[in-house]
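First comes the structure, then the notes that go with it.
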Amino acid sequence: MIQVLSQSIPVPAAAPVSAAARLLWLIPALPMAAAGVIAVLKQPRRAAASTLAIASLGFSLLLSLIAFAHVVSVWASGSQVREVFNFTWFQFGSSTVDLGWILDPLSAAMLVMVSLVGLLIFIYSLGYMAHDENFTRFFCFLSLFAGGMLTVVISNSLLLLFMGWEIVGLTSYLLIGFWYHKPSAAAAAKKAFIVTRVGDVFFLLGIVWLFTQTGTLLFYNCGAGSMETGALAALLGQHAALGLSAATAIGLLIFAGAAGKSGQFPLHVWLPDAMEGPTPVSALIHAATMVAAGVYLVARVYPLMSAGLQPGGSTTTLVVITWIGAITAVFAALIAIAQNDIKRILAYSTVSQLGYMMAGLGMGGVAIGFFHLITHAFFKALLFMGAGSVIHGCHEEQDIRRMGGLRTGMPLTFVTYAVGMLALCGFPIFFSGFWSKDAILEAAHHWTVARTPFYLLVFGAVLTAFYMTRQVAYVFFGSWRGHKQAHESPAVMTFPLVALAFFAMALGLIGTPAWPWFRAFLGGQAAPVHPDAFAEPAFLSLLGTSTVVVFLGIGLAWWLYGNKSPAPDAPDVLQSAVPPLWASLRDRLYVDELYGVTVIAFYAWWARVSDWLDRRVWGGIVAAIAWLFRLWAAINRFLDTHVVDGAFDKGCEELSTGGGLLARVQSGRVQSYLRLLAFAVAALAFILIWSSRA
């Protein structure tokens, strides 16, 4: 079947590849090479390690900007850009395994975002990790992480993407558990690694299935790629179980991998616990890189997800993605309300915003979901790094109930954090989060399949504004409730905050209805300016709805928490009002406990059964076989000792006796020989005479 399919797809001559596309491999290779060099450095070589890591990612950013500029220039000339460079990795028989990388608007934008945000986090780490004894090893892991993530971005092969995907999974385990001397950090690292592997198993099944059906894992290959028309038509014609086509089944398997990496319900449980790692790790994982990899994967294989899509309709895969995203958005936002750890609140916020991205992909397409990914990367990195600045200034305190009044003691951190908070809430007009999130709400409002996701996402937006205002009120307003007086962070930590705050505001300019540059760029279309778009009734209605949603959440939270200074051990306002609901949200709606009494309990029981089988059944069988062989060995030893050896020894004894008797005859005396000869002659004569008489 694979051979027939590959023959039925015409393969035109490959288009010329620009130098920017040919050198794309250098972007992930530079930080990977830096990680290899840092790995052999001794721990005291802190300056060399940080310089190598930052310089390598800086060069990757430069190459990413060159590639982005090339794509923009070609797009501005009226042409669509999709340049691929494929090569054969190895060959077995008549089959080959091909790898390659791709330069198009999707990868170009993602490369710039990952390398830029990553570079700012690297610089921020200089100050945050300055006193850590494993400073060199930390930058080694950061560089390897960046290399793996950039490999995911440039891949034109699902196999190469999976390689980078697993590098990201490994290094996230190493970074989350970086402070491995803390039991909670070690447990969080293992939890993240195992839960994401659950999704990766389904992802791998999807990869294998796709290869068996199409004969290739290349996305694009001059018409013969797995994301191109011929292969997709063949996948739609193949039927799987439950009435699904092969395209739908493979798409759902790949989405399961994306859900695990991007913390979608029900595989979200690892992501909040990942806060046990250093704050730069939290910013790196929860902002632009690891958790965004799942969203990027769905965007990259969107032709498969949307195969068979009819105008005004949807596909089974996109419907599943939409519902999972909408449920995750509200589910995580509810839990964030009752958390008191400053980073854990942001972690659940990340889970919620990833749900928005997935829902945007499901209802509005790549441009809608991906624009929120880009804007979220900057303002969420800003929030996590701002939280790290707060923790650093508060002498490693993370409980928001033991903070307060920091707007005066940490003014720069407060201003930049407020920018990130307003961008996350979707505050109208001036912040990028407003334009990216409202584009998702608009797509949900026009989704013809169902209305419920729209209401869920609107409710999630209210919750987002509420829990972020609660956090800011606890941390920056009221009076100081900590033990030691807080202080502003050094410039090496605040400079990245200022840069990220700028992007958290400026990026909205390329996503407004008046100039939808980003959406047109991803779609390969022209981006004309429409100044009158702000006056259209649809926009004004959406603006009014968003304004009401944001101000409702902010106003309600400020009414409950604004400029108050409750004692650190005093119950929360909502805790006093609705204790059972608060307890449920504080305990994360008992999902971990549910897994504990179901999945984990089952595997613990199965482990005990396996141990009993191993000890009693398989061990008993092995012991019985060993006893039989010992018995046979004893029988062999008896036969050898008493039968074989006895007969042999008796024969040897007889031979020895006979030899002794013969030795006496062989005395060497001639007289004895003559007497013996005379005796023999006499005996012979006697026998002859006797015989003749008879």
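It should be emphasised that the depicted structure is a prediction, and the values quoted were computed from it without experimental measurement.
- Counted within 6.0 Å of OH on Tyr173, heavy atoms from surrounding residues, nucleotides or ligands total 12 or fewer; the atom is thus considered open.
- With hydrogens and angles ignored, the 3.5 Å screen pairs a side-chain donor or acceptor of Lys343 with a backbone N or O of Met275.
- Aromatic ring centres of Phe203 and Trp165: separated by under 6.0 Å.
- Within the 3.5 Å criterion, the main-chain N or O of Leu159 finds a donor-acceptor partner in the side chain of Ser157.
- The closest donor-acceptor contact from the side chain of Ser60 to the backbone of Ile27 lies under 3.5 Å.
- A salt bridge does not link Glu442 to Lys437: none of the charged nitrogens lies less than 4.0 Å from a carboxylate oxygen.
- Close placement of the Phe87 and Trp101 rings is indicated, their centers lying within 6.0 Å of each other.
- A perpendicular orientation is assigned to the rings of Trp517 and Trp75, their planes being inclined by more than 60° (bins at 30° and 60°).
- Side-chain atoms of Asp98 and Asn221 include no donor-acceptor pair closer than 3.5 Å.
- Under 3.5 Å, the side chains of Thr328 and His268 contain no donor-acceptor pair of N or O atoms.
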Evaluation steps, salt bridge (charged side-chain N to carboxylate O under 4.0 Å, His left out), between Glu276 and Lys191: CA-CA 11 Å; Glu276 294 295 336; Lys191 186 176 184 180; over 6 Å; no
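- Atom CZ of Arg519 is surrounded by 12 or fewer heavy atoms from other residues, nucleotides or ligands within 6.0 Å.
- The existence of a salt bridge linking Asp273 and Lys190 is excluded, since no basic side-chain nitrogen approaches an acidic carboxylate oxygen closer than 4.0 Å.
- The main-chain N or O of His376 is never found under 3.5 Å from a side-chain atom of Gln353 such that the two would form a donor-acceptor pair.
- Side chain of Thr315 to main chain of Leu318: a donor-acceptor pair is present (N/O by atom type, distance under 3.5 Å, no hydrogens or angles).
- Distance alone, capped at 3.5 Å, is enough to place a donor-acceptor pair between the Thr196 side chain and the Phe193 backbone.
- You'll find the ring centres of His446 and Phe454 outside the 6.0 Å limit.
- Within 6.0 Å of the CH2 atom in Trp25, the count of heavy atoms belonging to other residues, nucleotides or ligands does not exceed 12.
- Under the 6.0 Å cut-off for aromatic ring centres, Phe521 and Phe68 qualify, their centroids lying closer than that.
- Looking only at distances, a side-chain donor or acceptor of Tyr124 sits under 3.5 Å from a matching main-chain atom of Met385.
- Under the 6.0 Å cut-off for aromatic ring centres, Phe427 and Phe434 do not qualify, their centroids lying 6.0 Å or more apart.
- Put simply, the side chain of Thr214 never gets that close to the backbone of Ala231: no donor and acceptor are under 3.5 Å apart.
- Defined by atom type and a distance below 3.5 Å, a donor-acceptor pair is present between the side-chain atoms of Ser436 and Thr375.
- To the nearest 0.5 Å, the span separating OG on Ser352 from CG on Leu334 amounts to 9.0 Å.
- To the nearest 0.5 Å, atom NZ of residue Lys380 and atom CG of residue Leu354 are 7.5 Å apart.
- With rounding to the nearest 0.5 Å, the separation of CG in Leu252 from CG in Leu205 is 13.0 Å.
- The main-chain N or O of Phe371 is never found under 3.5 Å from a side-chain atom of Trp435 such that the two would form a donor-acceptor pair.
- In summary, the side chains of Arg300 and Tyr296 do present a donor paired with an acceptor at a separation below 3.5 Å, with no hydrogens or angles considered.
- Atom CZ of Phe219 sits about 10.5 Å away from atom CG of Asp104, to the nearest 0.5 Å.
- Evaluated for a ring pair (Phe, Tyr, Trp, His ring centres under 6.0 Å) with Phe503, the options Phe378, Phe431, Phe379 yield exactly one hit, Phe378.
- For the residue pair Ser245 / Thr248, a side-chain donor-acceptor distance below 3.5 Å is found, with atom types taken as modelled.
- Between the side chain of Glu228 and the main chain of Ser226, no donor-acceptor pair closer than 3.5 Å is present.
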